[in-house]
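What you are looking at is a predicted structure, and each value in this text was computed from that prediction instead of being measured. Scope of the values below: all heavy atoms of this structure, side chains included, with no hydrogens, waters or symmetry mates. Order of the sequence lines fixes the chain letters, A, B, ..., with proteins taken first and strands second; residue numbering starts at 1 for each chain.
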Amino acid sequence: MNYLVTTSIPYVNGEPHLGHALEFLMADVVARNARAQKKPVIFTIGTDEHGGKIAEKALELGVTPKEFTDQISQKYRDFAKLLNISNDRFIRTTDAGHEQRAQLIWKALQKDIYKGNYTGWYCTGDEAFFTEAVVKENKGVCPNHNRKYDLLEEENYFFRLSQYSQKIQELIESDEFNIIPATRRNEILQVFKDGLEDISISRPKEKISWGIPVPNDNTQVMYVWFEALMNYITVLGYPEHDDFKKFWPANVQVVGKDILRFHAAVWPGMLLALGLELPKTLYVHGFITVNNQKMSKSLGNDVKPSQIIEEFGVDAFRYYFLRHIPSYGDGDYNPERFLAAYNNELANELGNSMQRTAAMITQYQNGIIGNVPEAEHDQALYREAIENCQFDRALDDVWEQVRGLNQFIDEEKPWSINKAGDKDHLSEVLAYQVSCLLEIANMLSPFMPETAQKIRYVFEEGVIRPTKTTLFPRKDTLKKV
RNA sequence: GUCAGGGUAGCUCAGAUGGUUAGAGCGCAGGACUCAUAAGCCUGAGGUCGCGAGUUCAAUUCUCGCCCCUGAUACCA
């Protein structure tokens, strides 16, 4: 019954962008949908704040890491608010609670942690390790510094992920740990074929000091990733808090395809080692391009969500990204397509269907709605789509109903019925339209909460309550973004 | 290289355990109407379903080969 939804926690070395928005929105739909079903819900988001890169960046800016992360973290908080995200919690990995609980988790994992040597290709110019693949690609020479990579050893703590490889694989294969879409499930199963290797989970403090200390060893701090993953249970008050006991395992964890491995291999390993259940579903979303190009500041094509929201409203933003970015793949944003979707689907089809209904009831019946029947369209497709995190299809299905309503109106021609003077029939037809709109509002509410609210406001009380503005005023020109 | 997924109307995509005229939305063209945000509704044009071969009474759907695209191939948070 209890329902837990999480997003991944963005690393605060950058500002919030469209990709974060997408993830927030998808998780928000899941959370709002569960609440609509009267389930007790905890929906968490947050920020990941430790690590060398953060420390460096802070140094560049001449502020302390703490000051730096405070500032960026706040931007994510504001961003979620801007998008009307209904998160119940916002965790920061620099929260005292997280830091303490991370150490508890480390201790609880002790039996699977050992000290070892990490060997890797290191560039002293970058002061960083590089993967085998990168080194091979560069033929053993760092392009940034034009010097050979050194094979370096470093003392780290390791986590016995290998021990849990088979068990995790079984849970994925049986769908007890359900990874969607299937393509991502296949992808990660490949990794399990040869078994997972143990992973390094700490860094020498002398190299990276901005991190959570390893218990009983002040020469090492926890590797950021290892510690960041813990947020999903520290946020609930692992191990002693009621929320943890009642809400874990998560029902849906929402992550991007770039961090699949951490969430489908490392994190499950940690959970098994702790004797905890795996999340029920891991939903993996794709990336957004802008005009089919990778979004980047250097290209100057980075889109500011705040600008879109300012011009079109938050629900229009939510709508576009939830319906027109494929839920199971990558998608593209471009202003023309956005405008087309806004005008055709939101203003013309949805907005206008409400407008014409309200107008007729006002003109023909002095605003009196009459007996609204229970609209009972088949919602199986819609429900199944949400269950499978196919937000695009769920909205497609809602629009089937929006179109259906417009067709109904054109077939019935209430204006003709009015001329003919058949008051009973007229009232029946118009009341049916209202019932359709209220049903649409219900289906829309996880996706477009404000819009759903506006529709209900107009029709809910038996008498049309006029509003100052239309739902989605047409936009004939496109501001240059 | 290996593994996975994909190449279907101008665009974004759906679909077919092989079987009469291959679907939707956008865009385009035309029509009837008027309650409405010059919105909505109806109709139509447009595709040799990546290329070649095979299996079959029948393939766009199955098999093989080839071409092209995308992703993964493990410690970047």
K.L.:
Using a strict 4.0 Å threshold on nitrogen-to-oxygen distance, state whether A:Arg101 and A:Asp95 make a salt bridge.
P.N.:
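A salt bridge is absent here (no side-chain N lies under 4.0 Å from a carboxylate O).
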K.L.:
Does B:A39 have a Watson-Crick or wobble mate here (both distances under 3.5 Å), and if so which one?
P.N.:
none
K.L.:
In whole Å, measure the gap between the C1' atoms of B:C33 and B:A38 for me.
P.N.:
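Straight-line distance between the two C1' atoms is 14 Å.
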K.L.:
Using Watson-Crick or G-U wobble geometry with both distances under 3.5 Å, which nucleotide pairs with B:U63?
P.N.:
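WC or wobble partner is B:A53.
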K.L.:
B:A36, OP1 or OP2 - any side-chain N/O from A:Gln363 closer than 4.0 Å?
P.N.:
yes
K.L.:
I want to check one thing: is the phosphate of B:C42, taken as OP1 and OP2, less than 4.0 Å away from some side-chain N or O of A:Gln407?
P.N.:
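True: A:Gln407 side-chain N/O within range (under 4.0 Å) of B:C42 OP1/OP2.
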K.L.:
Reckon A:Gly329 touches a base, only the sugar-phosphate, or nothing at all at heavy-atom distances under 4.0 Å?
P.N.:
nothing
K.L.:
For B:U17, give the paired nucleotide (Watson-Crick: N1-N3 plus N6-O4 or O6-N4; G-U: N1-O2 and O6-N3; both under 3.5 Å), or none.
P.N.:
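Answer to the pairing question: none, since B:U17 forms no Watson-Crick or G-U pair.
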K.L.:
What nucleotide among B:A74, B:C35, B:A4 has an atom nearest to a side-chain atom of A:Met360?
P.N.:
B:C35
K.L.:
Could you check whether A:Glu450 pairs with A:Arg318 (Lys NZ or Arg NE/NH1/NH2 to Asp/Glu carboxylate O, under 4.0 Å)?
P.N.:
no
K.L.:
At 4.0 Å (heavy atoms only), tell me whether A:Phe226 reaches a base, stays on the sugar-phosphate, or touches nothing.
P.N.:
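Since no nucleic acid heavy atom lies under 4.0 Å of A:Phe226, the category is nothing.
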K.L.:
Please classify the nucleic acid contact of A:Glu187 as base, sugar-phosphate, or nothing, using heavy-atom distances under 4.0 Å.
P.N.:
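Sugar-phosphate only.
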K.L.:
Counting any heavy atom closer than 4.0 Å, what does A:Ser200 reach on the DNA or RNA strands: base, sugar-phosphate only, or nothing?
P.N.:
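Base contact - A:Ser200 has a heavy atom under 4.0 Å of at least one base atom.
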K.L.:
In whole angstrom, give me the gap between the C1' atoms of B:C62 and B:C68.
P.N.:
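Pairwise C1' distance, B:C62 against B:C68, rounds to 22 Å.
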K.L.:
With the side chain of A:Arg356 defined as its heavy atoms from C-beta on, choose the nearest nucleotide among B:C26, B:G71, B:A36.
P.N.:
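That would be B:A36.
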K.L.:
For the side chain of A:Asn186, counting heavy atoms from C-beta on, which of B:G25, B:A74, B:G5 is nearest?
P.N.:
B:G5
K.L.:
Categorize A:Gly51 for me: base, sugar-phosphate, or nothing, with a 4.0 angstrom heavy-atom threshold over every strand shown.
P.N.:
nothing
K.L.:
Considering Watson-Crick and G-U wobble pairs with both distances under 3.5 Å, what does B:A58 pair with?
P.N.:
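Result: none.
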K.L.:
Using the P atom as the reference point in each nucleotide, state the distance between B:A53 and B:A58 in Å, no decimals.
P.N.:
15 Å
K.L.:
Which word best sums up how the rings of A:Phe338 and A:Phe321 line up, parallel for under 30°, tilted for 30 to 60°, or perpendicular for over 60°?
P.N.:
tilted
K.L.:
Does A:Lys193 or A:Arg261 map to a spot on RNA chain B nearer the 5' end, using the closest nucleotide for each?
P.N.:
A:Lys193
K.L.:
Would you indicate, yes or no, if B:G15 has its OP1 or OP2 atom less than 4.0 angstrom from a side-chain nitrogen or oxygen of A:Arg393?
P.N.:
yes
K.L.:
Tell me what A:Ala359 touches on the nucleic acid: a base, only sugar-phosphate, or nothing, going by heavy atoms under 4.0 Å.
P.N.:
sugar-phosphate
K.L.:
What I want to check is whether the side chains of A:His377 and A:Glu439 have a donor and an acceptor closer together than 3.5 Å.
P.N.:
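There is such a pair between these side chains.
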K.L.:
For B:G27, take OP1 and OP2 only and decide whether either is under 4.0 Å from a side-chain N or O of A:Asn344.
P.N.:
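For B:G27, OP1/OP2 do have a side-chain N/O of A:Asn344 under 4.0 Å.
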K.L.:
Less than 4.0 angstrom between a side-chain N/O of A:Arg337 and OP1 or OP2 of B:G25, yes or no?
P.N.:
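No, because none of the side-chain N or O atoms of A:Arg337 sits under 4.0 Å from OP1 or OP2 of B:G25.
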K.L.:
For the pair A:Tyr76 and A:His20, name the ring-plane relationship: parallel under 30°, tilted 30 to 60°, perpendicular over 60°.
P.N.:
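If you compare the ring of A:Tyr76 with that of A:His20, the planes turn out perpendicular.
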K.L.:
P atom, B:A22 versus B:U37: distance in rounded Å?
P.N.:
42 Å
K.L.:
In this structure, is the centre-to-centre distance between the rings of A:Phe177 and A:Trp267 below 6.0 Å?
P.N.:
no
K.L.:
Counting side-chain heavy atoms from CB outward, which of B:A74, B:A36, B:C41 is closest to A:Asn352?
P.N.:
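Between B:A74, B:A36, B:C41, the one nearest the side chain of A:Asn352 would be B:A36.
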K.L.:
Can you figure out which of B:C26, B:U37, B:C76 approaches the side chain of A:Arg403 most closely?
P.N.:
B:C26
K.L.:
Categorize A:Asn348 for me: base, sugar-phosphate, or nothing, with a 4.0 angstrom heavy-atom threshold over every strand shown.
P.N.:
sugar-phosphate
